[in-house]
2 protein chains.
Amino acid sequence: MPKRVDHDQRRTLIADALVRVAADQGLEAVSLRHVATAAGVSSGMVQHYFRTKDEMMRFALAVVRERHQLRVSEAVGRLGPDPAPRDLLRALFLTVLPLDPESRAYGRVGLAFLAYTAVRPEAAEPLRADTRDMLDLVTGLIRGANRAVDPAGAAAGLLAVLEGLGVYLLGGHYSAESAVAALEAQLDMIFGPQSPEK
Amino acid sequence: MPKRVDHDQRRTLIADALVRVAADQGLEAVSLRHVATAAGVSSGMVQHYFRTKDEMMRFALAVVRERHQLRVSEAVGRLGPDPAPRDLLRALFLTVLPLDPESRAYGRVGLAFLAYTAVRPEAAEPLRADTRDMLDLVTGLIRGANRAVDPAGAAAGLLAVLEGLGVYLLGGHYSAESAVAALEAQLDMIFGPQSPEK
DNA sequence: TCTTTTACGTTGCAGTTGCAATGTAAAAGC
DNA sequence: GCTTTTACATTGCAACTGCAACGTAAAAGA
């Protein structure tokens with residue numbers, strides 16, 4: 001065989017090209033040749049690593065999810081040990097919201113995939129699992145900090161605002177400031193006004 | 001000329017077919033011939049009423065927005081004169097959320113268009129105008145009922161939860177019950193627990 | 001009545017699509 | 001050294017795409 005190649009790395013290379021195409025032309029512009037060109041490879045190579053377009057799409061979706069999870073856990077890690085739940089949530093949400101151009105690009109792709117899975121139910125399950133995880137995380141944080149509210153309910157609301165703010169930010173309906181303000185207000189409603197100390 | 005034809009009616013007929021196609025196969029499946037077949041007409045006729053596919057897409061988007069506005073104003077109208085702001089908001093949001101199959105179908109199309117406009121900034125403005133209107137409406141309702149909170153901020157948060165719940169409902173992340181519960185909880189946080197009377 | 005306009009239907013075309021098939025070169029295993 | 005396997009590149013094809021072009025029938029206006 002020729003130079004032993006890391007399959008997963010090649011697939012990721014291609015998936016990254018797909019993400020770039022999707023970010024500025026939408027998923028409709030994603031074709032084998034288009035992606036191959038964006039990745040700087042031949043379309044034959046794309047076919048070599050993905051037997052069908054659908055397989056490529058699924059892999060790209062997995063890559064996007066993975067990257068997102070990574071950003072989340074990095075944000076959590078940056079806060080050091082035992083951070084105040086409210087601070088953790090704010091930091092978490094600020095990294096998830098599409099506030100800078102790069103995360104906006106990723107956000108557009110995420111939105112495109114959301115619409116994509118909405119008409120392909122068999123591909124939607126992983127996304128559901130992700131929100132379940134997120135829901136558990138947030139619920140735990142709220143439960144530990146404020147026993148006056150229903151933790152699961154508050155978490156569900158919080159995630160919904162987050163998602164809604166993301167969508168509105170991507171569409172240019174909300175400015176970055178108003179989105180952050182809305183987020184802050186939401187945290188106030190759950191944890192009481194302002195951070196407890198410092 | 002032959003039998004005088006209502007152009008707008010024909011266009012709407014075609015746009016409806018487009019919506020049907022988009023609802024169960026996504027916008028990527030929308031092609032002239034596909035839409036024509038779904039509408040039961042020839043693709044030549046589609047071309048007769050829309051010079052380009054883009055023109056057809058824009059018109060369909062306008063139809064979707066229009067229908068949405070109509071549902072909103074009908075919901076408002078159903079409540080009779082001078083309803084309590086909180087009741088109005090709940091009724092409003094319950095009609096907007098994709099809870100039944102039909103509104104889920106429309107929701108999928110809306111989501112698809114959201115992703116569509118995310119990579120076509122020139123088509124996004126009308127959607128922005130719609131949320132501005134919605135924002136003004138909700139802000140006014142909150143201002144009239146509760147002066148303890150910042151009306152604009154609370155309205156922005158409320159719309160964001162609404163949007164987020166819609167997305168999560170479409171994706172099957174939230175059940176209808178938990179979405180409604182989250183909505184109710186959000187209203188509680190703004191208006192205080194439970195409806196004032198009755 | 002005759003012309004012109006409108007409302008389509010049909011056909012065709014160049015470009016793109018996903019994918020199969022085939023070719024080829026290189027390196028691993030014997 | 002020879003075979004086999006791997007990693008691609010190229011080519012080809014049937015199906016589809018948006019769109020232009022052309023045809024035709026009917027009715028409105030002269």
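Just so we're on the same page: letters track the sequence lines, and every chain starts at 1.
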Separation of [N] [atom2] from [X] [atom1] (nearest whole Å):
X       : N      : atom1 : atom2 : answer
A:Asp54 : C:dT17 : CG    : P     : 17 Å
A:Gln47 : C:dG23 : CD    : P     : 16 Å
A:Met57 : C:dG18 : CE    : C1'   : 13 Å
B:Glu55 : D:dC19 : CD    : C1'   : 13 Å
B:Gln9  : C:dC8  : CD    : P     : 10 Å
B:Leu13 : C:dC8  : CG    : P     : 10 Å
B:Phe50 : C:dA7  : CZ    : P     : 14 Å
A:Asp8  : D:dA7  : CG    : P     : 13 Å

Problem set entry | Contact under 4.0 Å: A:His7 side-chain N or O vs D:dA7 OP1/OP2 |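 Result: yes.
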Exercise. Should A:His48 be listed as having a side-chain N or O under 4.0 Å from OP1 or OP2 of D:dA7?
Worked result: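 For A:His48, the contact criterion (side-chain N or O under 4.0 Å from OP1 or OP2 of D:dA7) is met.
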Measure from the side-chain heavy atoms of [X] and tell me the nearest of [options].
X       : options                : result
A:Thr52 : D:dT10, C:dC19, D:dC19 : C:dC19
B:Tyr49 : C:dA7, C:dC19, D:dC8   : C:dA7
B:Val5  : C:dA7, D:dA9, C:dG9    : C:dA7

Exercise. Excluding sequence neighbours, so at least two apart, what forms salt bridge (charged side-chain N to carboxylate O under 4.0 Å, His left out) with A:Arg33?
Worked result: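 For A:Arg33 there are no salt bridge (charged side-chain N to carboxylate O under 4.0 Å, His left out) partners, ignoring immediate neighbours.
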Determine, for [X] against [Y], whether the closest basic-nitrogen to carboxylate-oxygen distance falls under 4.0 angstrom.
X        : Y       : answer
B:Glu55  : B:Arg58 : no
B:Arg120 : B:Asp54 : no
B:Asp16  : B:Arg11 : no

Exercise. Which residue pairs pass the salt bridge (Lys or Arg N to Asp or Glu O under 4.0 Å) test with at least one member in residues 70-85 of chain B, sequence neighbours excluded?
Worked result: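 Sorted result for residues 70-85 of chain B: empty, none.
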For this session: Give me the ring orientation class for B:His7 and B:Tyr49: parallel if the planes are under 30° apart, tilted from 30 to 60°, perpendicular past 60°.
Result: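 Perpendicular: the ring planes of B:His7 and B:Tyr49 meet at over 60°.
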Problem set entry | Side chain to side chain, B:Phe93 and B:Val180, heavy atoms closer than 4.5 Å |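 No, side chains not in contact.
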Exercise. Does any residue of residues 19-41 of chain A have a heavy atom under 4.0 Å from DNA chain D, and if so, which ones, in number order?
Worked result: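 When residues 19-41 of chain A is checked for heavy atoms under 4.0 Å from DNA chain D, the hits, listed by number, are A:Arg33.
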